[in-house]
Amino acid sequence: MNRWAGLFRWHRMQKEKEKEEEKTEEETEEKKEKEKKEGGKNGVKTAEVKLKLNWKDWTVDPSSEFYFAWLQIMVFPILYNWVIIICRTCFDAIEQKYLSVWLAIDYISDLFYVADIIIRVRTGYLEQGILVRDLALLRTRYLRSARFRWDLASLLPTDLLYLRLGVHCPLVRVNRFLRTPRLSEAFDRMETRTSYPNTFRISKLMLYIFVLIHWNACLYFALSAYIGFGADRWVYPNISDPVFASVRRQYFYCFWFSAQIFTTVGDTPLPHREEEYLFMITDLLIAVLVFASIVGNVGNVITSLRDRDNVFFPNHELVKAYLRSHRISRELRGRVNGWYQHLHINRKITRENEILEQLPITLRTEIAVSVHLPTLCKVTIFQNCETSLLEELVLKLTPQVYSPGEYVCRKGDVGHEMYIIKEGKLAVVADDGVTQYAVLGDGNFFGEISILNIKGNKSGNRRTANIRSIGHSDLFSLSKEDLTDVLSEFPAAKRLLEEKGRQILTKMGMLEEPGPEDGPGEERKTETRVERVEDKLNALHTKLARLMAELESSASKMQRRTTFKEPRPGPQALPACEKARRSKGGIAGRSRYDTELPGTGRLQPALAHGIALSISVAIAAGVSGGHMNPAVSLGAAISGGLNVFLLVPYWAAQFCGGLVGAGLAKDSTGSHLHVVTPKSAFLLRDESEAFSRPVRVQAVSSHADFLNATGGAFTSIRTSEQVPGALVAEIVMTFYLVLTVCMTAINTQSKTPLAPFCIGLTLTIGILGGGGVSGACLNPARALGPAVVANYWPYHWVYWVGPLVAAVMVGLVLRLLLGDPGIRLVMTEETSA
Ligand SMILES: Nc1ncnc2c1ncn2[C@@H]1O[C@@H]2COP(=O)(O)O[C@H]2[C@H]1O
């Protein structure tokens with residue numbers, strides 16, 4: 001059972017539980033109603049008591065709609081105080097003309113302030129995730145909080161100062177501003193709940209700017225009054241002038257003046273007095289902040305709009321750039337653009353899963369069900385299915401959009417998913433792409449035949465038809481795994497799907513007739529087959545046990561053998577019969593790496609050579625380029641990485657190195673224990689014979705040993721038939737090695753500090769891969785030294801011709817195709833640019 005299925009079960013249980021709870025609540029309500037009716041006169045009494053009790057216990061859930069609505073209501077009294085107090089203070093005319101109105105609104109707003117305190121006292125809070133509703137606790141918590149002190153201060157009856165200062169002094173109510181945090185709380189809540197957060201943010205910003213300009217306008221008017229109206233060009237003109245006398249004109253002029261400063265338009269009259277200068281400086285500083293915050297906020301809104309779009313729709317710009325850089329045909333680019341346009345114009349979302357990723361699984365499930373269930377219900381095959389099946393399916397659907405003429409699947413492709421048509425029309429078309437066999441529309445499905453394993457389906461898991469989108473089509477795809485998963489729990493639905501598939505297959509003549517074994521006795525036959533397979537399995541077990549025993553015994557035998565080191569003779573030392581035996585029996589085909597190192601095989605020499613070369617190249621790279629191989633030097637010289645005149649001294653040094661190395665190897669070969677058997681081991685027909693008889697061990701000199709052997713010379717080629725293969729192997733492997741050197745250490749475009757590592761690894765790969773074919777020499781100097789000291793020359797030329805041909809090839813490849821523009825002989829327009 002998968003995770004979704006479990007989740008659904010839980011979800012259903014929760015719903016059932018909720019229903020039960022609702023039912024019990026309804027029953028209790030009914031009971032109470034009944035009691036009320038029966039109670040007659042007593043009923044009035046009960047209602048009174050209930051009202052009292054309710055009021056007493058009444059608390060507010062901070063996440064409830066009521067609380068949210070209350071916060072919205074509180075916005076008005078708070079904003080009223082912010083706008084009107086300063087206005088009345090500065091504009092005498094406004095204060096005096098509407099005094100009674102102001103006083104009425106003042107005290108209404110105070111009533112809201114009081115109510116707000118009551119609501120605050122009764123607002124619950126979460127403790128360990130549980131809402132605390134205990135009034136005593138709520139009261140204590142609020143009364144002890146700093147918030148209470150601020151709320152209280154905002155309601156202090158400062159109006160009493162009217163008695164002393166006169167009623168035309170609204171500034172005494174300035175303490176009402178202390179309730180501003182409630183305004184922020186209201187705005188925050190509104191921002192999280194609105195469906196248009198960006199519009200809300202911009203509106204909030206505009207409101208703040210309006211209040212600021214309004215305040216500034218009021219202060220400007222007050223300052224003008226203080227300096228004297230019309231005293232200079234900066235202050236408000238003389239109010240005795242009928243043009244500037246009206247209250248409306250006064251306010252609008254001041255607001256305009258203030259707005260000009262804050263929007264940094266700068267078309268205001270120059271100040272004349274120090275007070276005016278101070279006012280302007282302060283205003284301009286604030287204006288900078290206001291301007292910055294406008295730009296910042298608008299920028300944020302635009303970014304968040306773009307982010308939202310990017311989440312909803314994949315980034316078209318990137319795809320366009322990609323197509324351009326890969327020179328995709330105009331026609332294909334047009335199709336891609338059309339697809340994106342369709343998504344944008346029709347607001348189609350293909351990334352649902354990513355968008356809803358952050359939601360908890362239960363919520364995601366509910367959303368998926370409410371969005372896609374109607375479509376699934378339209379699908380004929382699912383119409384009679386259980387809702388739970390549909391609910392499971394809905395979570396596994398992936399939306400896909402196809403453009404006109406696009407193929408959703410082609411006949412003969414392997415099927416991995418089936419499709420449900422949400423919207424659009426698709427045609428089942430013949431291979432010519434024109435002939436239509438059927439047209440599928442909304443609520444149809446297709447692609448199920450190849451994923452259902454319908455018995456007798458001649459096309460197996462291949463698509464039986466081409467499906468092409470006629471216009472734009474919105475599909476849901478359902479993967480084979482998901483469908484199998486769901487259908488395993490709903491066999492009835494599976495049967496329906498299979499039946500529909502069988503009908504199509506029969507129409508097409510692609511359903512095999514049931515064979516004689518498909519009759520009623522089929523079950524019995526399957527059982528017999530299973531029994532037979534079991535028998536065979538048992539026999540295999542027995543065989544395996546025997547083989548394991550044999551393997552163990554031969555392993556212990558091998559271990560005994562390897563305790564003795566047995567030297568192998570060079571081909572010269574072998575008697576003719578033994579030579580013939582080895583060449584026939586395959587020893588001739590084995591390289592020195594295989595024959596000389598029992599136990600480690602080719603891996604040890606491959607690693608030893610590779611690592612040694614890596615280190616040598618790393619050491620000598622900065623000094624000489626670290627060639628150590630005439631083929632490498634030749635390749636480097638041809639491709640411009642080495643002065644041609646240096647080729648001769650380089651080669652001389654490399655061949656000397658080869659000779660010195662081979663000489664040292666010869667000298668350093670220590671004494672060996674030589675197993676002497678009653679006959680010479682070399683003459684034994686079967687080497688195991690040597691170990692089945694009494695043996696005598698003696699020391700032999702290294703010199704004799706070395707002479708007997710090939711002294712590290714390449715002995716892999718024993719017959720002329722092997723030459724072509726070995727030559728090709730040498731060319732290919734040396735080509736690879738020289739190319740690695742030239743590209744990683746010489747060619748500036750591809751140069752890398754990892755060059756020594758790459759070069760060593762190439763040699764290791766050569767030895768591992770080609771050791772058995774040619775011995776993997778890849779270096780004429782390496783071939784020459786041991787050949788000289790061991791005086792072993794058969795097929796020696798192969799180790800010269802192969803590497804040198806490869807070097808020339810690499811040189812040409814670099815000069816013609818791969819090299820830097822500086823060394824290329826043939827240039828395309830692009831490379832020359
Ligand atoms: N004649 C037809 N009418 C309707 N649908 C078809 C017809 N032939 C094939 N299909 C559908 O085309 C789908 C191609 O992929 P499948 O073979 O998986 O499943 C195939 C059917 O669902």
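As the structure is a prediction and not an experimental result, all values here were calculated from the model. Whatever order the structure lists them in is the order used to number ligands and atoms, beginning at 1.
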For Met508, atoms of ligand 1 separated by under 4.0 Å from a heavy atom = 8 (N), 9 (C)

ask   = Where do Ile467 and Leu440 come nearest, in terms of heavy atoms and distance?
value = CD1-CD1, 4.4 Å

message = Counting only heavy atoms, tell me which of Arg462, Glu448, Gln503 gets closest to atom 22 (O) of ligand 1.
response = Glu448

Per-atom contacts, ligand 1 versus Ser450 - under 4.0 Å to a heavy atom = 16 (P), 17 (O), 18 (O)

ask   = Any idea which part of Ile467 is under 4.0 Å from ligand 1, heavy-atom wise: side chain, backbone, both or neither?
value = side chain

query = What pairs with Leu363 under side-chain contact (heavy atoms from CB on, under 4.5 Å), at least two apart in sequence or on another chain?
reply = Leu359, Pro360

ask   = Is it the case that Lys500 places NZ or CZ above or below the six-membered ring of Phe445, under 6.0 angstrom from the centre and within 45 degrees of the axis?
value = yes

request  = Could you find the nearest protein heavy atom to atom 20 (C) of ligand 1 and give me its residue, atom name and distance?
outcome  = Thr464 OG1, 3.5 Å

task = For side-chain hydrogen bond (donor to acceptor under 3.5 Å, both in side chains), just list the numbers for Ser477 and Glu417, CA-CA rounded to whole Å, side-chain angles, deciding distance to a tenth of an Å, and then say yes or no.
result = CA-CA 6 Å; Ser477 80; Glu417 62 274 286; 5.1 Å; no

key: All side-chain contact (heavy atoms from CB on, under 4.5 Å) counterparts of Gln503, not counting sequence neighbours   = Glu499

query = Under 4.0 angstrom from ligand 1, any heavy atom of Lys411?
reply = no

message = I need the atoms of ligand 1 closer than 4.0 Å to a non-hydrogen atom of Phe446, numbered in the order shown.
response = 11 (C), 22 (O)

task = List the closest protein heavy-atom neighbour of atom 3 (N) of ligand 1: residue, atom name, distance to the nearest 0.1 Å.
result = Ala438 CB, 3.8 Å

message = salt bridge (charged side-chain N to carboxylate O under 4.0 Å, His left out) for Lys396 and Glu481? Distances and angles first, verdict last.
response = CA-CA 10 Å; Lys396 303 180 182 205; Glu481 293 74 33; over 6 Å; no

query = When you measure from atom 9 (C) of ligand 1 to every protein heavy atom, which one gives the shortest distance, and what is it?
reply = Ala465 CB, 3.6 Å

query = So, is Gly447 polar-close to ligand 1, with some N/O to N/O distance under 3.5 Å?
reply = yes

request  = Inspect the contact between Arg546 and Glu550 and indicate whether a charged nitrogen and a carboxylate oxygen are less than 4.0 angstrom apart.
outcome  = no

task = Under the side-chain contact (heavy atoms from CB on, under 4.5 Å) rule, what do Asn297 and Arg201 come out as? Steps first, then yes or no, please.
result = CA-CA 8 Å; Asn297 271 282; Arg201 264 174 230 142; 5.7 Å; no

note = atom 15 (O) of ligand 1 has as its nearest protein heavy atom Arg463 CD, 3.1 Å

ask   = With a cut-off of 4.0 Å, which atoms of ligand 1 are near a heavy atom of Ile504?
value = 5 (N), 6 (C), 7 (C), 8 (N), 9 (C)

